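Since the structure is predicted, the reported quantities are computational estimates derived from the model, not experimental observations. All chains are named by letter (A, B, ...) in the order of the sequence lines, taking the proteins before the strands, and each is independently numbered beginning at 1.
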Amino acid sequence: MRIGYPCINRSIACSGNKTFRLTSYTEKRLKETIHNNLDCLRKILQFNLEHNLLFFRITSDLVPFASHPINAFDWTEFFKPDFENIGDFMLKNRMRISMHPDQFTLINSIREEVFERSKAELQYHADVLDSMNLDASAKIQIHVGGAYGDKKGSMERFVNRYRELNERIRRRLVIENDDRLYSAGDCLKISDRVKIPVLFDTFHHQLNSDTQLEENLFCLIANTWKLNTDGIPMVDYSSPEHRGSSVKHASTIDIDDFRTFLGRTRPTDFDIMLEIKDKEQSSIKAARVAEGDRRFLVQNADSIKN
DNA sequence: CTTAGTCAAGGGGTA
DNA sequence: TACCCCTTGACTAAG
């Protein structure tokens with residue numbers, strides 16, 4: 001079990017998700033921004049190592065406009081040594097890595113041009129992870145997509161489109177249950193067809209589920225991950241803000257809830273991404289709680305040994 | 001220096 | 001059809 005957080009670290013004085021406006025695009029600006037972002041990513045990983053946080057999500061802003069037609073710059077080649085250096089650091093310290101393209105990446109869109117752009121965007125994400133020489137346990141998580149007034153047909157379209165993707169994308173792709181349309185159960189149905197791993201999001205499950213989170217569902221989801229290639233399952237963990245009626249991500253972790261969650265999911269082993277506003281601060285607290293959990297200790301001992 | 005509107009990209013829901 | 005919502009930080013022009 002590894003614990004981590006997505007994209008941004010607020011404790012160190014650098015921001016690895018810098019970007020700029022399309023209107024101010026120049027190759028020089030692009031180069032400088034990528035350089036800054038890679039440099040900062042390396043610093044964040046160092047911080048994470050020091051705080052026993054071995055799971056991290058790389059921001060999709062790492063390379064701005066990576067899949068946009070305006071970008072003709074061969075950034076994989078230019079920054080090859082930097083990507084490899086970061087990848088070596090991750091491997092050496094047994095870090096688990098994910099990426100999460102945002103809402104515009106839609107495999108099952110009814111519009112062909114949206115699918116084409118999505119493929120380009122997925123290829124960019126795969127290029128980042130490939131450049132770091134990471135194996136197939138480094139994942140790219142997306143949602144199933146829209147419903148378009150015909151959920152069944154849209155799930156079918158996802159299956160067919162998924163089969164069209166190239167192997168470099170497919171080996172990394174996983175689907176995550178969303179908060180409104182596609183539940184964990186829906187994701188399992190798709191997984192039955194194409195054997196894609198399902199990434200369980202606890203918060204989305206609270207908002208959109210056909211069953212309660214019971215042990216059986218959690219086991220079924222865990223079994224969609226092939227341990228020798230996909231690695232242990234990834235789980236996105238967050239909780240609603242307790243005060244107020246709105247459904248927002250909590251500003252900080254509720255340690256008692258987290259402890260309960262750890263208890264309820266035993267003995268299944270998985271990596272946890274904390275989608276909580278204060279990012280690394282909550283992660284550090286969570287890691288402390290998890291130290292009392294066997295799953296966490298095994299991972300720990302392992303990384304010290306190597 | 002501070003602030004408020006805006007940013008490549010989609011889709012769902014309501015009036 | 002028109003408009004607002006999601007969710008988020010940072011960019012950028014305006015004050």
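- Whole-Å rounding puts the A/Gln103 CD to B/dA8 P distance at 14 Å.
- Phosphate proximity of B/dG13 to A/Arg180: absent, as no side-chain N or O sits under 4.0 Å from OP1 or OP2.
- The P atoms of C/dT7 and B/dT14 are separated by 16 Å, rounded to the nearest whole Å.
- Ring orientation note: the planes of A/Phe20 and A/Tyr25 are tilted relative to one another, at an angle of 30° to 60°.
- Aromatic ring centres of A/Phe65 and A/Trp75 lie farther apart than the 6.0 Å criterion allows.
- For the P atoms, the distance from B/dT6 to C/dC4 is 12 Å, rounded to whole Å.
- With the nearest nucleotide of DNA chain C identified for both A/Arg29 and A/Ile8, A/Ile8 has the one nearer the 5' end.
- Of all nucleotides listed (B/dA8, B/dG10, C/dG9), B/dA8 comes nearest to the side chain of A/Leu22.
- For the residue pair A/Gln281 and A/Ser11, a side-chain donor N or O sits within less than 3.5 Å of a side-chain acceptor on the partner.
- In this structure, of B/dA8, B/dG10, C/dT7, it is B/dG10 that holds the atom nearest to the side chain of A/Val114.
- Using a 4.0 Å heavy-atom criterion, one finds that A/Arg21 contacts the bases of the nucleic acid, with or without backbone contacts as well.
- Between A/Lys277 and the phosphate of C/dT8, there is a side-chain N or O to OP1/OP2 separation shorter than 4.0 Å.
- Backbone-only engagement by A/Tyr148 is indicated by non-hydrogen atom pairs under 4.0 Å involving sugar-phosphate atoms exclusively.
- Heavy atoms of A/Ser67 sit under 4.0 angstrom from at least one base atom.
- A side-chain donor from one of A/Glu176 and A/His100 sits under 3.5 Å from a side-chain acceptor of the other.
- As judged by a 4.0 angstrom heavy-atom cut-off over every strand, A/Ser24 is placed among residues touching the sugar-phosphate backbone only.
- Here the separation of B/dA8 from C/dT1, taken at their P atoms, is 27 Å to the nearest Å.
- Across B/dG12, C/dT7, C/dC11, the shortest atom-to-atom separation from the side chain of A/Thr19 is found for C/dC11.
- Out of B/dA9, C/dC6, C/dT12, the shortest distance to the side chain of A/Phe20 is found at C/dT12.
- With ring centers used as reference points, A/Phe270 lies under 6.0 Å from A/Phe218.
- As rounded to the nearest Å, B/dG11 and C/dG9 have P atoms that lie 24 Å from one another.
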